[in-house]
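Because the structure is predicted, anything quoted here is derived from the model rather than measured.
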Amino acid sequence: DARVMTAGIIAAILTGLVCGIVPGWQAARVSVLTLLKDGGATSTARRRGWRSVFLTAQVASVAALLVVATLFIGSFVRVLTADLGLDRSNLIGVSTLTGNGPRVAEFQDRLRAIQGVQSIAAVGLSTPPLVGPAFGGVYHDITLYRPEAGTGAAEMKVFTYAVTADYFEVARTTFLQGAAWPAQRAPDTSLVPIVIDELTARKLFGDEPPLGRLLRERDSERVFTITGVVPHLLAFGPERTRESSAYFPLETAGRGWVGFFIRTSVPAGPVAREVHETLLTMVRPGQWPEVHVVSEAFSLLTATRRFNGLLMSLFAVLAISIGCAGVYAAMASAVAQRTREIGVRIALGATVPDIRRSVLAESGRYLLLGLAIGLPAGWLMSRSFGSIFFQVAPGDLEVHAIVAAVLVIAGLVAALIPARRASRVDPVVTLRAL
């Protein structure tokens, strides 16, 4: 983009001009007699003052940038490690057009025979979680309420999945209470078993035990009996609105969309290709099965967050590099300008550790002052990004402590070379030059 490149070039030129103003102004005010007398090796208090201001400002700027970058990185890490309510590793999601009944069993038998397939479960009505939001899909929702609560009872809209009883084992969804319905159960047209998530249980029952309780579907005669409660399913990724979900037997859902969750014992990519080839030989003309690796669907749903995380990681590395370079350059300059002073101190009895501690202490003062300014500035900056952080707060003390520790350690390491150089000044050479 030409505009971005032009802005970058202009910013670089202006930075060079602005940062050159003070050194140029200082150079123009240097006394020739002082230079000839001191050999250019002394440093005036005014120069030291300007250097302190600039180094402190640099450390403060780096600290503020690091706070914001670390919060973005922390958000990214929390997104990747969020509990989705299922295990997305080695999992394949299939969306296809099949009817219920014997056809589903036929598909399962054929897919189960593929090498690397560990287990398989059918998913109807709604497209399998994560796969649908990432690659497009259909969703079916119903409104549930407690029939015994009477008029004005609390109700809740939930996304529904019609599944086989082994779905929870394949998805590796743990039960908080109860269990799934038996795989072989006696037909009962009056009560349909249902598994609800913890959000539904909390809203409809509060602290009351939900197991064995009845739920009715709004605008329908269907009545459900609760057999289990599972964690909330983040079917649309960790950063989407928390939609509730419920599960009931596939055979009660009628004919329609049916997909599959396939757990593999090997990496899912190669198995997914073979699953797709197998399905192509089974579907009716005009049908096109969609086969996706669930971890890839998750990557697609979190693509923006991953990009921001990578970008901010690069900014963080750049900021630390700039901070270290600034501390090193300032302390190296200070040591060079104080060569005579250091030589005299060594001649008068100062030890090597004393000299190193003096240089490191000066660096530490700059670092602490810069942090005292930069950390609050970073907090103020990060407040404007608060709405896009995930499970981190702008005032997170852990983040600020990490930034402070990293900058102090990096800054002192950068000052270590000038400190060692200062301790190696030869007092004899210094005294002869006086």
Side-chain angles (χ1 to χ4, degrees), residues 83-138 160-175 179-185 195 228 230-231 233-235 237 245 247-251 253 255-285 287-301:
D83 184 3
L84 303 178
L86 57 82
D87 182 2
R88 65 181 183 271
S89 61
N90 291 344
L91 188 63
I92 299 172
V94 178
S95 303
T96 186
L97 282 169
T98 66
N100 281 338
R103 189 75 171 150
V104 173
E106 178 188 352
F107 272 73
Q108 287 181 301
D109 291 339
R110 288 283 299 274
L111 295 175
R112 195 176 286 112
I114 297 175
Q115 186 176 2
V117 172
Q118 186 177 34
S119 55
I120 179 171
V123 183
L125 292 182
S126 298
T127 307
L130 296 181
V131 174
F135 299 106
V138 294
T160 54
Y161 298 90
V163 299
T164 51
D166 55 358
Y167 166 85
F168 304 99
E169 180 181 355
V170 175
R172 293 180 181 169
T173 298
T174 57
F175 276 84
W181 52 89
Q184 302 295 330
R185 65 183 187 89
V195 172
V230 294
L233 172 67
L234 298 176
S245 54
Y247 314 81
F248 52 82
L250 181 65
E251 61 268 21
R255 301 177 62 86
W257 284 84
V258 176
F260 300 96
F261 255 170
I262 302 174
R263 176 71 60 185
T264 66
S265 57
V266 295
V271 180
R273 289 190 288 270
E274 191 168 349
V275 167
H276 187 264
E277 294 173 0
T278 301
L279 288 174
L280 286 177
T281 65
M282 300 182 66
V283 296
R284 301 183 182 93
Q287 294 182 352
W288 188 260
E290 295 186 8
V291 181
H292 301 285
V293 178
V294 175
S295 59
E296 293 177 359
F298 179 79
S299 296
L300 187 59
L301 290 173

Distance, nearest 0.5 Å, that separates [atom1] of [X] from [atom2] of [Y]:
X      : Y      : atom1 : atom2 : result
Thr164 : Ile120 : OG1   : CD1   : 8.5 Å
Phe107 : Phe260 : CZ    : CZ    : 6.0 Å
Ile92  : His292 : CD1   : NE2   : 11.5 Å
Ser295 : Leu91  : OG    : CG    : 8.5 Å
Glu169 : Thr174 : CD    : OG1   : 13.0 Å
Leu84  : Arg172 : CG    : CZ    : 14.0 Å

Review point. Please walk me through it: do Ile262 and Val291 pass side chain to side chain contact (heavy atoms under 4.5 Å, CB included)?
Key: CA-CA 10 Å; Ile262 302 174; Val291 181; over 6 Å; no
Point to revise | Heavy atoms of other groups near Gln118 CD, more than 12 under 6.0 Å | key: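 More than 12 heavy atoms, drawn from other residues, nucleotides or ligands, come within 6.0 Å of this atom.
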Point to revise | Residues Glu106, Met282; criterion side chain to side chain contact (heavy atoms under 4.5 Å, CB included); working and verdict | key: CA-CA 9 Å; Glu106 178 188 352; Met282 300 182 66; 3.9 Å; yes
What heavy-atom pair brings [X] and [Y] nearest, and what distance separates the two atoms?
X      : Y      : answer
Ala162 : Pro249 : CB-O, 4.2 Å
Ala165 : Ala180 : O-CB, 4.0 Å
Val258 : Ala122 : CG1-CB, 4.2 Å
Ala297 : Val131 : CB-CA, 4.1 Å
Phe261 : Val170 : O-CG1, 3.6 Å
Arg263 : Asp87  : NH2-O, 2.9 Å

Practice item. Carefully, step by step, assess Leu125 and Tyr161 under the rule side chain to side chain contact (heavy atoms under 4.5 Å, CB included). Key: CA-CA 6 Å; Leu125 292 182; Tyr161 298 90; over 6 Å; no
Practice item. Examine distances only and state if a side-chain atom of Ser126 and a backbone atom of Thr160 form a donor-acceptor pair shorter than 3.5 Å. Key: yes
Exercise for review: For the pair Thr264 (side chain) and Gly116 (backbone), establish whether a donor and an acceptor sit closer than 3.5 Å, ignoring hydrogens and angles.
Suggested key: no
Given side chains that start at C-beta, do those of [X] and [Y] come closer than 4.5 Å, heavy atoms only?
X      : Y      : answer
Val94  : Pro128 : no
Pro231 : Thr173 : yes
Leu86  : Leu130 : yes

Practice item. For side chain to side chain contact (heavy atoms under 4.5 Å, CB included), just list the numbers for Thr127 and Glu290, CA-CA rounded to whole Å, side-chain angles, deciding distance to a tenth of an Å, and then say yes or no. Key: CA-CA 11 Å; Thr127 307; Glu290 295 186 8; over 6 Å; no
Review point. Should the pair Tyr247 and Phe168 be assigned to parallel (<30°), tilted (30 to 60°) or perpendicular (>60°) ring geometry?
Key: perpendicular
